[in-house]
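Some notes on the structure that comes next.
This one's a predicted model, so the numbers in the text were calculated from it and none came from an experiment. Labels below follow one simple rule: chain letters A, B, ... track the order of the sequence lines, proteins then strands, and each chain is numbered from 1.
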There are 2 protein chains.
Amino acid sequence: MNDTPNGTSTLNINRDSDEPAYAQVVRILSQEIAEGAYRAGAQLPSESQLRARFSVSGMTVRRAINILVDRGIISASQGKGTFVRGLDMREAAFRLRERHDSPLLGPSVQVRLLQAAILTADERIARKLDISRGKRVVYLRRLISQPDGPVMYHREYMVYDPRRPTVEAELQITSLEGLFRGQGGQGLRRGDLGLEAVALSEEEADALQMPVGSPALCLEHIFYDFENHPVAWGWFICRADHFRLLGRIGPETSLGAES
Amino acid sequence: MNDTPNGTSTLNINRDSDEPAYAQVVRILSQEIAEGAYRAGAQLPSESQLRARFSVSGMTVRRAINILVDRGIISASQGKGTFVRGLDMREAAFRLRERHDSPLLGPSVQVRLLQAAILTADERIARKLDISRGKRVVYLRRLISQPDGPVMYHREYMVYDPRRPTVEAELQITSLEGLFRGQGGQGLRRGDLGLEAVALSEEEADALQMPVGSPALCLEHIFYDFENHPVAWGWFICRADHFRLLGRIGPETSLGAES
DNA sequence: TAGTGGTCTAGACCACTCC
DNA sequence: GAGTGGTCTAGACCACTAA
């Protein structure tokens, strides 16, 4: 056992554990940082010191360091050392969660297709989908409901291309899981998402059975194909009282991404 | 040069480049996935095949694989192989950005302290800060403004502890950067964040010079000390027309986190 | 010059899956 | 048993920083 700056004896890794050595190093260092053994701005022991303390090879401690850097817990600069970072709200990432910890995805969630039509693109649609005005597009309207009522209202425009199976596939979707996982995702390369607060329009309020002007989250999405052309543009209107984004800054106790 | 499933000749890594080998492997594989050389669900070449193709050691290709898994582009399962993942909106992470790509942080942003008071905790505050009702708390109100007007309204409750320098430090903050980076962040361990859509109350509308009921984003935050006790609870009310969260799903062309 | 982080290798061993 | 992903080592080399 070595000593940390605050004088307490330190943990070491357990070779008999199922947990990989690099993960144990990550966990132990995270804990010590979280407990204040190393304060914000403080320098961590050097790689060789950590290698000696944990009795692991350089690659293993290096991997742990990389993970901690990835998570934003420490920063490393060549030739100087690794340092503990403070909290920074600017770096917070949020994930969409449903409120009331009810299942966002599951059999109790119904997706109903309200409308499927072929329209001609107006200026706005043409710009978003990078097509010329007047071209034909598929227009879809969906209502996503839980047992206690509708929670999301979805509108989407897709470029009309008979050769593309995407439209057919999209029409078959009856679960939110299918919608979110992109059943039509075959043939799609990437998606850009935007999220903002809006007030319900009359149409949206009618669909969601809420008063006009109620707050809601608007999740806009544009999907691109492999040639980087927009294929679909749409947005979900989510009842504010059902959806909330969660984030966290600082070291995580539980297991996160690996590296 | 080997062949990919679609028959095009493949790139290889450049040993003379400044870009590390593992990063090149990540970049090349991401590109090939993005271009459709490997479709969603398809199996990537095995580690030994990739090792041979790129003429690198196992550790290097393994590191690249780990990064791709971290980014959610591929999934790996032991004994079976690595597979290309489709788009999955559930995994999208959002980051808070200001609209109109104007600087969220910078000298043009003013933070004005509207009120600093000592109150006794009511039921709600006591529960959030995990203290007993009636204890004294510091109450702060701030207005964050850009040259064209107020954009955020901040309220915060902090446990009153004369020994703790956090309160003093908080009062000195005059920039949003200081507020977000946590000048009082010394002594804080982590923070939990929540984000939802709300309608402006009378008080908020008054502060932000907007009509009552206008949509806004509410960014709630709770910060904890090293003993995992809540220290501060507050929330930013952000004008919806000034803030938007951006996310993306799918392979990224630009450089992201390393591992 | 000494210490730091950063990259990379060649090969070993294990656990898992599928035939 | 053959092939897969997953972990780990011991040591090499490089680039950067600071005294």
Quiz prompt | Side-chain N or O of B/R63 closer than 4.0 Å to phosphate OP1/OP2 of C/dT7 | solution =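 So the side chain of B/R63 is within the cut-off, an N or O lying under 4.0 Å from OP1 or OP2 of C/dT7.
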
Quiz item: According to a strict under-4.0 Å criterion, is B/Y22 in side-chain N/O contact with OP1 or OP2 of C/dT7?
Solution: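 For C/dT7, OP1/OP2 do have a side-chain N/O of B/Y22 under 4.0 Å.
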
Mind calculating the distance between [atom1] ([X]) and [atom2] ([N]) to the nearest angstrom?
X: A/I74; N: C/dT4; atom1: CD1; atom2: P; value: 15 Å
X: A/D16; N: D/dT7; atom1: CG; atom2: P; value: 18 Å
X: B/N14; N: C/dC8; atom1: CG; atom2: P; value: 12 Å
X: B/F83; N: C/dC16; atom1: CZ; atom2: C1'; value: 13 Å
X: A/E19; N: D/dT7; atom1: CD; atom2: P; value: 11 Å
X: B/Q24; N: C/dT7; atom1: CD; atom2: C1'; value: 12 Å

Practice problem: Would you indicate whether the side-chain heavy atoms of B/E35 and A/R189 approach each other to under 4.5 Å? | Solution: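 No - every pair of side-chain heavy atoms lies 4.5 Å or more apart.
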
Strictly under 3.5 Å: I want the nitrogen or oxygen pairs between protein and nucleotides 9-13 of chain D, one per line.
from: D/dT9; atom 1: OP1; to: A/R15; atom 2: NH2; distance (Å): 3.3
from: D/dT9; atom 1: OP2; to: A/S57; atom 2: N; distance (Å): 2.9
from: D/dT9; atom 1: OP2; to: A/S57; atom 2: OG; distance (Å): 3.1
from: D/dT9; atom 1: OP2; to: A/T60; atom 2: OG1; distance (Å): 2.5

Quiz item: From A/T82 OG1 over to A/L44 CG, what is the distance, rounded to the nearest 0.5 angstrom?
Solution: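 It comes to 4.0 Å.
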
Quiz prompt | OH on B/Y22 to CZ on B/R62, rounded to 0.5 Å | solution =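 If I round to the nearest 0.5 Å, the distance is 15.5 Å.
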
All N/O contacts under 3.5 Å from nucleotides 1-5 of chain D to the protein, with atom names and distances to one decimal?
from: D/dG3; atom 1: N2; to: B/G79; atom 2: O; distance (Å): 3.4
from: D/dT4; atom 1: O2; to: B/G79; atom 2: N; distance (Å): 3.4
from: D/dG5; atom 1: OP2; to: B/E47; atom 2: N; distance (Å): 2.8
from: D/dG5; atom 1: N2; to: B/Q78; atom 2: OE1; distance (Å): 3.1

Quiz item: Are A/D192 and B/R248 ion-paired here, with the side-chain N under 4.0 Å from a carboxylate O?
Solution: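 Yes, A/D192 and B/R248 are salt-bridged.
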
Self-check item: Charged tip of B/R190 within 45° of B/Y224 ring normal and under 6.0 Å
Solution: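 B/R190 over B/Y224 ring: yes.
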
Exercise. Identify, with sequence neighbours excluded, every residue that meets ring pair (Phe, Tyr, Trp, His ring centres under 6.0 Å) alongside A/W235.
Key: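 Result, ring pair (Phe, Tyr, Trp, His ring centres under 6.0 Å) vs A/W235: A/W233.
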
